[in-house]
Each structure stands twice: as structure tokens, then as C-alpha cells.
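These notes are about the structure you will find just below.
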2 protein chains.
Amino acid sequence: MSERPTIKDIAGKLGVSPATVSRALSDSGLVAEPTLSRIREAARALNYRPNVSARNLRTQRSMAVLMVVRDVGNPFYLEILKGVEATARGAGYSVLMGNTENDPEREIEYFDMLRDGHADGMILMTGKLPWKHEEYAERLAGLSVVVALEMIGGSGLPHVQIDNAVAASDAVRHLISLGHKRIAHICGPIPEIMSVRRRDGYRIAMKEAGLDIPAGYEPVGDYLLRSGEALCQQLFELTSPPTAIFVANDEMAYGAIHELRRLGLDVPSDVSVVGFDDLYLSEAFYPPLTTVSQPRAEIGQQAMKLLLRTFAGESQAGETMELATTLRIRGSTARPKETGARVRTL
Amino acid sequence: MSERPTIKDIAGKLGVSPATVSRALSDSGLVAEPTLSRIREAARALNYRPNVSARNLRTQRSMAVLMVVRDVGNPFYLEILKGVEATARGAGYSVLMGNTENDPEREIEYFDMLRDGHADGMILMTGKLPWKHEEYAERLAGLSVVVALEMIGGSGLPHVQIDNAVAASDAVRHLISLGHKRIAHICGPIPEIMSVRRRDGYRIAMKEAGLDIPAGYEPVGDYLLRSGEALCQQLFELTSPPTAIFVANDEMAYGAIHELRRLGLDVPSDVSVVGFDDLYLSEAFYPPLTTVSQPRAEIGQQAMKLLLRTFAGESQAGETMELATTLRIRGSTARPKETGARVRTL
DNA sequence: CTGAAAGCGCTAACAT
DNA sequence: ATGTTAGCGCTTTCAG
């Protein structure tokens with residue numbers, strides 16, 4: 001009663017061999033019609049479910065993939081997860097979430113899970129590998145790994161991403177086009193490629209507009225709310241504070257706006273703020289945040305597709321897929337006061 | 001080279017039996033010292049990892065638990081997940097996330113995963129079971145399931161939760177103590193127990209203060225941003241709109257505040273708003289949201305502990321654990337204008 | 001088209 | 001303290 005039925009039970013009950021049952025249940029097309037239906041029916045009647053451990057052991061596959069992120073607590077990853085999940089399910093795979101908290105030990109643990117058959121492949125979104133460059137090739141041998149959002153130099157892993165530099169430049173150009181001259185940038189953690197690229201984009205846009213980047217205009221944060229607050233405060237202790245801030249992600253932008261309000265400054269009339277990510281809440285935020293929107297669901301979807309192609313041996317080493325971003329102009333950006341005044345004077 | 005070493009490889013290389021290797025690697029304490037070290041060393045040298053499918057097949061356990069939620073996209077669950085994960089890891093379990101999107105088919109799928117050995121137990125946070133009441137006992141037989149956050153009448157499953165009615169009453173009493181009389185409540189989806197309890201709490205507090213609940217003061221939403229906006233608008237189309245709103249969750253509260261702003265009403269000077277959940281962003285929101293804080297990490301932790309006790313056969317049927325909530329009073333609530341005026345007149 | 005038989009890698013009696 | 005043996009439930013040759 002409480003015992004789960006096995007393929008043998010069904011075979012016994014129907015007077016056929018276990019092999020036939022297995023074939024029937026896996027739609028191999030090798031079972032003739034009278035038997036086929038009987039087996040299917042019996043399986044349903046007994047509420048039969050194949051034991052995954054047994055199947056995985058035999059087939060040497062787990063039909064699961066691992067999606068590893070820095071911090072499950074960050075809502076940013078959720079929509080990506082949905083994209084991954086939808087595509088994975090479509091192909092018969094389930095998705096496990098891995099959470100590293102930036103801890104190399106845990107990163108290694110998840111790679112171990114690939115080795116021990118927990119999952120067949122991995123979508124890595126942590127922006128780094130837990131080994132030295134020289135070890136990359138050896139450590140990654142035989143593993144199916146796709147990198148998303150970030151990229152990992154020298155790994156030769158296929159990846160899907162956005163062009164962070166171009167997106168950042170566009171965001172800064174928007175501020176410039178509004179008439180801002182003193183534009184600061186709150187960066188992400190700096191040795192990381194993604195943060196560097198966004199800063200590059202900021203610098204490029206500033207340079208092409210002939211604008212100066214004063215000392216202290218590029219404080220470095222960690223993508224968290226608190227650091228947005230702290231760095232914004234820092235910015236307004238400068239002798240010549242900015243009239244606009246391009247923040248490397250929405251969460252720090254929330255923090256920055258919060259701090260500006262504490263300082264008695266209005267957004268956008270005193271200071272304009274642009275974020276990056278377009279989190280779900282950025283639209284309901286006050287003021288609604290102008291920000292760079294990434295096609296998150298699609299990133300997940302494409303990453304999973306790439307992984308599936310890797311399973312099939314169809315992906316190239318270092319294959320790249322780049323998706324387009326959109327600047328969502330909302331209520332946190334406006335013309336600077338001086339410019340507004342000047343315009344009126346004309 | 002690319003083949004993963006098995007226990008047999010180690011045994012062969014060292015001239016011992018596979019059983020001994022197994023025992024040595026599982027710290028059974030049954031292997032003598034000269035051999036023990038040699039085996040451990042060899043395992044490390046070969047970068048050996050036990051094959052989980054084989055182990056699970058043999059032990060009839062997967063050492064994994066399933067945490068099933070309505071919507072992974074909701075940041076609310078993330079901190080709970082962290083609590084679950086921390087406790088699970090401590091006990092050697094890994095955590096799989098399941099996402100039902102309120103789809104009974106998918107709910108059933110996750111129960112199937114328990115049956116087929118994908119996981120040993122489940123923490124259910126969807127607030128319902130995908131079967132008719134009569135089937136509960138039969139369907140749940142032999143499965144280890146713990147319910148968190150919500151409760152499922154008639155299932156007899158152990159659960160951990162908060163007292164939604166008391167928490168809601170406290171929130172409304174806060175508004176009453178500020179002097180509000182016309183207090184509305186934006187409800188969650190109503191046949192669901194959690195929403196009903198919160199509404200009960202609202203009604204109790206109103207009644208004990210002798211306050212009236214006019215028609216239209218209890219619009220029903222779905223916990224999503226948009227419905228907060230729409231229902232708030234509806235509320236202010238009434239002939240006698242409220243001066244305060246108790247909203248059944250933070251996300252709808254964000255929407256409501258957004259809408260109030262659109263209507264030209266200031267929060268809190270024109271209208272006070274209280275939420276429920278205390279999401280990460282509620283503090284940085286403008287105005288900082290007064291809301292009911294749930295001990296999310298602890299909920300996760302306790303749910304996992306309860307599940308572990310269920311594995312050990314130590315949990316009682318229908319065992320309940322109730323955790324305390326806290327009302328976080330922030331900037332979205334204030335005395336109503338009329339009252340303020342009256343006070344000044346005195 | 002179906003059955004018989006082997007074996008995936010591991011652990012747990014049972015022996016010694 | 002270690003080895004021998006069997007088998008978890010499934011899939012997949014290989015025969016027929």
C-alpha cells in the first residue's frame with residue numbers, strides 16, 4: 001500500500017517483462033498496440049512514477065541544471081530564473097538554484113555538484129570562477145557550463161550578456177542631453193568586469209561630450225542599498241557636488257535617492273538619478289526611476305538554450321550572444337536647475 | 001582522464017575492497033588507521049566524488065528538500081528561502097525551489113517529485129493542495145510535508161506561521177490611535193485563509209473602536225502592485241473616501257501610494273498607509289512604509305527544522321508553530337488632517 | 001516486437 | 001577491521 005510501485009510490479013501484474021514496460025513508458029515506439037495501452041493504463045492506475053535515482057544512475061544523466069547566482073535574495077535574478085525555467089521545463093529539465101554569497105567555497109561546491117551527477121550543466125551568473133586562471137581548462141574539462149550576464153575572461157565558456165558599456169553610455173548621454181555637466185557615477189565593485197564596463201561607458205560618454213570627471217566622482221559600491229546611501233552622501237560632501245548621478249544598479253539608486261531626500265534635495269529638480277536594471281519596483285518608486293532595462297527573461301531563456309546546445313555538442317567555445325537593452329526614461333531625471341534658468345533667460 | 005573515478009578505482013589502486021572505501025569515506029568509524037588515511041588521501045588525490053544517483057538509489061533518500069512557492073518572482077520568499085537553506089545545509093540537505101504560478105498541474109508535479117525520489121520532503125507555501133478534501137489523507141500518505149506561512153485546513157500537516165489576525169489588528173489599532181476614523185482595507189485574494197485572517201483582524205480592530213466600515217471599504221486584490229493602484233483609485237471614487245488605508249501586503253501598498261500621488265494626495269499628510277510584509281525596499285521607499293514585519297528568515301528556519309523532525313518521525317500531526325510579528329512604524333502614517341486641526345483649535 | 005540478462009555506483013548485511 | 005555478496009530500480013544491449 002505505502003510501497004511505491006516499480007516497473008517490476010507492473011510487469012508482474014501484466015505478465016510482461018520489465019524491459020517491455022520500460023520501453024512502453026518511454027515512448028520508444030518499440031511496443032505493439034495491445035500491450036502498449038495495457039501498460040500505460042496499469043501505470044496510471046498504480047500511480048506509477050519512475051524512480052529518478054535509478055534512472056539517473058543508469059542513464060548517467062540527471063536531467064537537471066544548476067543556476068548559480070551570487071545572491072538569491074536579489075530580485076534581479078528572479079525573472080532570469082523564470083526564463084531559464086520555462087526553457088528548461090520545455091526540454092524536460094528541472095532547475096536547481098544555487099546561492100554562493102560570493103563565497104569561493106560554495107562556488108566550488110556547486111561545481112562539485114556537476115561532478116557528482118547532481119546536475120548535467122550549469123548557468124553561472126557569479127562573474128567569476130573559484131580557481132586560478134591556469135587551472136581553468138583542467139577544472140572545466142568535461143563540464144557543461146554557460147555564463148550569463150557577466151563574462152569570465154580566459155575561460156572560453158559560452159556566454160550570453162548585454163553590452164554594459166553601450167548601455168551605460170546611453171544612460172549618461174541622456175543626462176548630458178538634458179543639459180547636465182556635473183555628472184557622477186556610483187560604480188559597482190570594481191575589479192569585476194561588469195562594473196568596469198559600466199564605468200567605461202560612463203567615461204566614454206563624458207569624454208565625447210568634453211565633460212570633466214572631477215576627483216571623487218566615481219565612488220565604488222557593492223550593488224547594495226546601503227552603499228548607494230553612503231556613497232551619495234560622500235558625493236554631496238564634495239566642494240562641487242554633481243547635478244546628476246548615474247548609478248550602476250537600481251538598488252544603489254534607491255539608496256542614493258533615499259539619501260538625497262534626507263539631505264533635503266529633490267529628485268529630479270535638484271538632482272537627476274539614473275539606475276541600471278529596471279527592477280520590478282522601479283516604476284512604482286518615487287520618483288519613478290529612469291533606468292536601463294535588461295531583457296531579463298530573454299537572458300535566462302537564451303542562456304538555457306545555449307546550455308541545451310552545449311549538451312548536444314553544438315556550441316562553440318567562447319560563443320557569445322549579446323542582447324539589446326532599453327533606456328526607460330521616467331521621473332527621476334530632468335533638466336538641471338541652472339540650465340532651466342538659463343533657458344528661461346534667453 | 002575524463003572519466004570520473006569510482007569507489008572501485010580507489011579500492012583497486014589501494015588493494016582494499018570497495019566496501020572499505022565506502023566505510024572510510026562515510027566516517028563510519030569502522031576503518032582502522034593505516035587504511036583510513038590512505039583511502040582519504042587517495043580520494044582527495046583523484047578528486048573523487050560519490051555519485052549521488054547511485055547513493056540515493058541505494059539509500060532510498062535524496063538528501064534534498066523541495067520548497068514550493070506560488071511565485072519565485074516575489075522577493076518576499078527569498079529571505080525565507082535563505083532561512084530554509086541555512087538550516088538544510090547544516091543538516092546535509094540541499095534545497096530545490098519549486099514555482100507553481102498557482103497552477104494546480106504544477107503543484108501536482110512537485111508532489112510527484114516527492115514520490116519519484118527527487119526530494120525527501122517539502123515545505124509548502126502555496127496555501128492549498130491540488131486535490132479535493134476527501135483525497136487529502138490518501139494523497140499525502142507517506143509524504144513528508146510541512147506548511148509554512150499559510151495553513152491548509154483539514155490536511156493535518158504540521159505548519160509554521162504568524163498570527164495574521166492579531167498582526168492586522170495591531171496595524172489598524174496604530175491608525176486608530178493616530179486618530180483615524182475612516183480606515184479602509186485593501187484585501188488579498190479572499191477565499192484564501194491568509195487574506196481572510198488579515199481582514200478579520202481589520203474588522204476586529206474597527207469594531208472594538210466602534211468604527212464603521214462603509215460599503216466599498218474592503219476592496220479585494222491579488223497582492224500585486226497593479227491591483228493596489230486600481231483599488232486605491234476605486235477607494236477615492238467613493239463619496240466618502242478614507243483617511244487611512246491598511247493594505248494586506250507591501251507590494252499593493254506601493255501601488256496604492258503610487259496612485260495616491262497620481263491623485264495629488266500626499267502620504268502621510270492626506271492619507272496614511274500601512275502595509276504588511278516589510279519587504280527589503282519598504283524602508284527606502286518614499287515615504288518609508290509603516291508595515292507589519294514578519295520574521296522571514298526564522299520562518300524558513302523553523303519550517304526546515306520541523307521538516308527534519310518529520311523525517312525523524314518526531315513531529316505530531318497538525319503541530320503548529322506560531323512566530324511573532326512586529327509593527328514597524330515609519331513615515332507613511334500620521335495623524336489625520338481633521339484631527340490635527342481640531343487639536344490645534346483646543 | 002518482446003524477453004533475458006547485465007550493470008550503472010554505491011551501501012549494508014553477513015561473514016570472517 | 002575488512003572482504004564478499006547482493007541488490008536498490010531502471011535501461012539497454014543481445015537474442016530470438
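Chain A is the first sequence line, chain B the second, and so forth, proteins listed ahead of strands; every chain is numbered from 1.
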Remember a base hit wins even if backbone is also touched, and classify [X] as base, sugar-phosphate or nothing at under 4.0 Å, heavy atoms.
| X | value |
| --- | --- |
| Gly117(B) | nothing |
| Ala19(A) | base |
| Ser26(B) | nothing |

Side chain of [X] - closest among [options]:
| X | options | answer |
| --- | --- | --- |
| Arg58(A) | dT2(C), dT11(D), dT2(D) | dT11(D) |
| Thr20(B) | dT2(D), dG9(C), dC10(D) | dT2(D) |
| Thr59(B) | dA12(C), dC8(D), dG3(C) | dA12(C) |
| Ser17(B) | dC10(D), dT4(D), dG9(C) | dT4(D) |
| Ile7(B) | dT11(C), dG9(D), dA4(C) | dT11(C) |
| Asn51(A) | dG9(D), dG9(C), dT11(C) | dG9(D) |

**Ion pair Arg106(B)/Glu85(A), N-O distance below 4.0 Å** = yes
With a cut-off of less than 4.0 Å, is there a side-chain N or O of [X] near OP1 or OP2 of [N]?
| X | N | answer |
| --- | --- | --- |
| Tyr48(A) | dC10(D) | yes |
| Gln60(B) | dG9(D) | yes |
| Thr6(A) | dG9(D) | no |
| Arg55(A) | dT11(D) | yes |
| Ser22(B) | dT11(C) | yes |

[X] side-chain N/O to [Y] backbone N/O, donor-acceptor pair under 3.5 Å:
| X | Y | answer |
| --- | --- | --- |
| Ser315(A) | Arg309(A) | no |
| Tyr110(A) | Met97(A) | no |
| Arg4(B) | Asp116(A) | no |
| Ser28(A) | Arg23(A) | yes |

Interatomic distance, [X] [atom1] vs [N] [atom2] [rounded to whole Å]:
| X | N | atom1 | atom2 | answer |
| --- | --- | --- | --- | --- |
| Leu30(A) | dG16(D) | CG | C1' | 15 Å |
| Leu14(A) | dG3(C) | CG | P | 10 Å |
| Arg115(B) | dG9(D) | CZ | C1' | 17 Å |
| Asn56(B) | dC10(D) | CG | C1' | 14 Å |
| Leu57(A) | dG7(D) | CG | P | 17 Å |
| Leu25(A) | dT11(D) | CG | P | 8 Å |
| Arg49(B) | dC10(C) | CZ | C1' | 15 Å |
| Ile10(A) | dT11(D) | CD1 | C1' | 15 Å |

**Request:** Only pairs at least two apart or in different chains count here, so list each ring pair (Phe, Tyr, Trp, His ring centres under 6.0 Å) that has a residue in residues 52-104 of chain A.
**Result:**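 Counting only pairs at least two positions apart or across chains, the ring pair (Phe, Tyr, Trp, His ring centres under 6.0 Å) contacts touching residues 52-104 of chain A are Tyr93(A)-Phe311(A).
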**Asked** Does a distance-only test, which skips hydrogens and angles, find a donor-acceptor pair under 3.5 Å between the side chain of Arg23(A) and the base of dG3(C)?
**Response**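 Check passes, donor-acceptor contact within cut-off.
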**Upstream residue (5' side of DNA chain D) when Lys8(A) and Pro18(B) are each assigned their closest nucleotide** = Pro18(B)
**Asked** More 5' along DNA chain C: Gly29(A) or Ala54(B), using each one's nearest nucleotide?
**Response**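 The residue mapped nearer the 5' terminus is Gly29(A).
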